[in-house]
K.L.:
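Below you'll find the structure I mean.
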Amino acid sequence: MSEPRSYLVCASQRSGSTLLVESLRATTVAGNPEEFFQYLPSTSRSPQPRQWFEGVTDESVLSLLAPLEPGTADTRSAEQWRDQLLSLGRTPNGVWGGKLMWNQVPLVLDRAAGLADRSGNDLRSALDDLLGRDLAFIHVYRRDVVAQAVSMWRAVQTQVWRDDATPPAPHDGAEYHAGGIAHLVRILRDQDEQWRNWFEVEGLDHIDIGFDDLVAAPQATAAKVLVELGLDADLAPPPPLKRQSDGRSKEWALRYRSEAAVNGLPL
């Protein structure tokens, strides 16, 4: 077996990436892959619901989202931030794991800009300088972007992003809104296109993992990734998370597709 490699999961929200990284974490030898790059330096918080809708003026959308809450500025230096994420993401065997969404790329570039002896100013250079050059890239994607956007639209309203035990309540307070879903369809589709373009431009080999495969065979999919990382496939655990999607999400996706066909909304 080859020397195990550190890795970065490259994804967009609600693509199934959490299921994959939690499966990898559960092995105890495949790093501790957190979403280290999501926290805004100005608040030390991940983007809040209304921050996903900057530029939207439709009050019927905004009224469904929680108001912004203050945070605390992150005063760590670039070196302190890097050293901490490298420590937190690594298992004792030296494998580091993390997850990056395309909307977080500006945060990576901003943090890396503060490092001494930069090798360049682009994303590849920033990742090399932060995480090292021998990094495996895992691209997690979801073909059904409408279903992905519906899932995110419910999550930004409820602020429930994962489920370790039970499916979401039938009436969790979230409300259907075609405009809110359409806004997220555009964002999520663009994120995946940006990842695909970046891999192509950089000429990077990467591991492609589809949402449908993750949902249909989570343990086998995790095993496949472990092999690619030079780790034992037999360590792949049963799925540690349950899927949040339910009949209500399917109804909303069908409704949105019907309205999109009439009103010219993005699909």
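These figures come from a predicted structure and were not determined experimentally.
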K.L.:
Could you tell me whether the side chain of L115 reaches within less than 4.5 Å of the side chain of R82, counting heavy atoms only?
P.N.:
yes

K.L.:
Taking E193 first and then R196, would you say they form a salt bridge - that is, a charged N and a carboxylate O separated by under 4.0 Å?
P.N.:
no

K.L.:
Would you say S87's side chain and D83's backbone share a donor-acceptor pair under 3.5 angstrom?
P.N.:
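Not confirmed, S87 side chain does not pair with D83 backbone.
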
K.L.:
Considering non-hydrogen atoms only, spot the tightest contact between S46 and Q38 and give its length.
P.N.:
CB-OE1, 3.1 Å

K.L.:
Give a yes or no on whether F199 and F211 share a hydrophobic cluster (residues Ile, Leu, Val, Met, Phe, Trp, Tyr; joining criterion: side-chain heavy atoms under 4.5 Å apart).
P.N.:
no

K.L.:
Atom CG of L229 and atom CD1 of I138: how far apart are they, to the nearest 0.5 Å?
P.N.:
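Reported to 0.5 Å precision, the distance equals 5.0 Å.
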
K.L.:
Examine the side chains of S119 and D129 and answer whether a donor and an acceptor come within less than 3.5 Å of each other.
P.N.:
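Yes - a donor-acceptor pair under 3.5 Å links their side chains.
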
K.L.:
Is the shortest side-chain heavy-atom distance between L127 and F137 below 4.5 Å?
P.N.:
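The answer is yes, as the side chains (C-beta and beyond) meet within the 4.5 Å cut-off.
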
K.L.:
Please determine which of V140, L8, V21 meets the side chain to side chain contact (heavy atoms under 4.5 Å, CB included) test together with K99.
P.N.:
V21

K.L.:
Please examine the side chains of L24 and L226, heavy atoms only from C-beta on, and report whether any two atoms are closer than 4.5 Å.
P.N.:
yes

K.L.:
Run D192 and H139 through side-chain contact (heavy atoms from CB on, under 4.5 Å) and show every step you take.
P.N.:
CA-CA 9 Å; D192 194 64; H139 176 221; 2.8 Å; yes

K.L.:
side-chain contact (heavy atoms from CB on, under 4.5 Å) for F53 and L184? Distances and angles first, verdict last.
P.N.:
CA-CA 9 Å; F53 290 81; L184 296 173; 3.9 Å; yes

K.L.:
Going by heavy atoms in the side chains, are D58 and H177 under 4.5 Å from each other?
P.N.:
yes

K.L.:
Is it the case that more than 12 heavy atoms not belonging to E200 sit under 6.0 Å from its CD atom?
P.N.:
no

K.L.:
Quick check: do Q148 and S12 have side-chain heavy atoms less than 4.5 Å from each other?
P.N.:
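Yes, close enough: below the 4.5 Å cut-off.
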
K.L.:
Flag the pair D122 and R124 as a salt bridge only when some basic side-chain nitrogen lies within less than 4.0 angstrom of an acidic carboxylate oxygen.
P.N.:
no

K.L.:
Taking atom OH of Y39 as the centre, report whether more than 12 heavy atoms of other residues, nucleotides or ligands fall under 6.0 Å from it.
P.N.:
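It does not: Y39 OH has 12 such atoms or fewer within range.
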
K.L.:
Could you tell me whether the side chain of R25 and the main chain of P33 form a donor-acceptor pair under 3.5 Å?
P.N.:
yes

K.L.:
Would the number of heavy atoms belonging to other residues, nucleotides or ligands and lying under 6.0 Å from CG of D205 be above 12?
P.N.:
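Open.
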
K.L.:
Using ring centroids (six-membered ring only for Trp), state whether Y256 and W153 fall under 6.0 Å.
P.N.:
no

K.L.:
Using side-chain contact (heavy atoms from CB on, under 4.5 Å), reason through H183 and V56 one step at a time and then give a plain yes or no.
P.N.:
CA-CA 9 Å; H183 179 77; V56 173; 3.6 Å; yes

K.L.:
How long is the span from the CD1 atom in I187 to the CG atom in D190, to the nearest 0.5 Å?
P.N.:
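Answer for the CD1-CG pair, I187 versus D190, is 8.5 Å.
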
K.L.:
I'd like to know if L123 and L204 are part of one continuous hydrophobic network [Ile/Leu/Val/Met/Phe/Trp/Tyr, side-chain heavy atoms within less than 4.5 Å].
P.N.:
yes

K.L.:
Do V150 and V61 share a hydrophobic cluster, counting only Ile, Leu, Val, Met, Phe, Trp and Tyr and linking them when any side-chain heavy atoms are less than 4.5 Å apart?
P.N.:
yes

K.L.:
Check whether any side-chain heavy atom of T43 lies under 4.5 Å from a side-chain heavy atom of P70, and answer yes or no.
P.N.:
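No, too far: nothing below the 4.5 Å cut-off.
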
K.L.:
Would you say R257 has more than 12 foreign heavy atoms packed within less than 6.0 Å of its CZ?
P.N.:
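Counting neighbours around CZ of R257, more than 12 heavy atoms of other residues, nucleotides or ligands fall under 6.0 Å, so yes.
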
K.L.:
I'd like to know if the side chain of S23 and the backbone of L19 have a donor-acceptor N/O pair within less than 3.5 Å.
P.N.:
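Indeed, once roles are kept as given, a pair shorter than 3.5 Å links the two residues.
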
K.L.:
Compare all side-chain heavy atoms of L231 with those of T27 and state whether any distance is below 4.5 angstrom.
P.N.:
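When only atoms from C-beta onward are counted, T27 and L231 do not touch, as no gap falls below 4.5 Å.
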
K.L.:
Which label fits W198 and W195: parallel for a plane angle under 30°, tilted from 30 to 60°, or perpendicular past 60°?
P.N.:
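Because their plane-to-plane angle is over 60°, the rings of W198 and W195 count as perpendicular.
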
K.L.:
Say whether W52 and L62 are linked into one hydrophobic cluster, either directly or through other cluster members, by side-chain heavy-atom distances under 4.5 angstrom.
P.N.:
yes

K.L.:
With a 3.5 Å distance limit and no angle check, can you tell me whether R143 reaches the backbone of G210 through a side-chain donor-acceptor pair?
P.N.:
no

K.L.:
Side-chain donor-acceptor pairs under 3.5 Å in residues 258-267, sequence neighbours left out?
P.N.:
{"residue": "E259", "atom": "OE1", "partner": "Y176", "partner atom": "OH", "Å": "3.3"}
{"residue": "E259", "atom": "OE2", "partner": "R255", "partner atom": "NE", "Å": "3.1"}
{"residue": "N263", "atom": "ND2", "partner": "E259", "partner atom": "O", "Å": "3.3"}

K.L.:
How long is the gap from SG on C10 to CD1 on I209, to the nearest 0.5 Å?
P.N.:
12.5 Å

K.L.:
Report the distance from atom NE2 of H206 to atom CG of L135, rounding to the nearest 0.5 Å.
P.N.:
13.5 Å

K.L.:
Taking the side chain from S44 and the backbone from T72, do they hold a donor-acceptor pair closer than 3.5 Å?
P.N.:
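Looks like yes, one N/O pair under 3.5 Å.
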
K.L.:
Hey, does the side chain of R154 reach the backbone of A174 with a donor-acceptor pair shorter than 3.5 angstrom?
P.N.:
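Here the side-chain-to-backbone pair does not exist.
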
K.L.:
Just do the side-chain contact (heavy atoms from CB on, under 4.5 Å) check on L40 and Q51 with the steps written out, would you?
P.N.:
CA-CA 11 Å; L40 303 175; Q51 290 174 304; 3.6 Å; yes

K.L.:
Quick one: pull up OG in S151 and CG in D144 and give me the separation to the nearest 0.5 Å.
P.N.:
11.0 Å

K.L.:
For E228, is there an ion pair with R5 - N to carboxylate O distance below 4.0 angstrom?
P.N.:
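Salt bridge: no.
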
K.L.:
With hydrophobic residues grouped by side-chain heavy-atom distances under 4.5 Å, do V95 and V9 end up in a single group?
P.N.:
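Looking at the clustering, V9 is in the same group as V95.
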
K.L.:
Less than 3.5 Å apart, which donor and acceptor atoms pair up between the side chains of residues 102-109 and the rest of the protein, not counting sequence neighbours?
P.N.:
{"residue": "N103", "atom": "OD1", "partner": "Q13", "partner atom": "NE2", "Å": "2.9"}
{"residue": "Q104", "atom": "OE1", "partner": "M101", "partner atom": "N", "Å": "3.1"}
{"residue": "Q104", "atom": "NE2", "partner": "E35", "partner atom": "OE2", "Å": "2.6"}

K.L.:
For the pair W81 and F37, name the ring-plane relationship: parallel under 30°, tilted 30 to 60°, perpendicular over 60°.
P.N.:
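Correct class here is perpendicular.
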
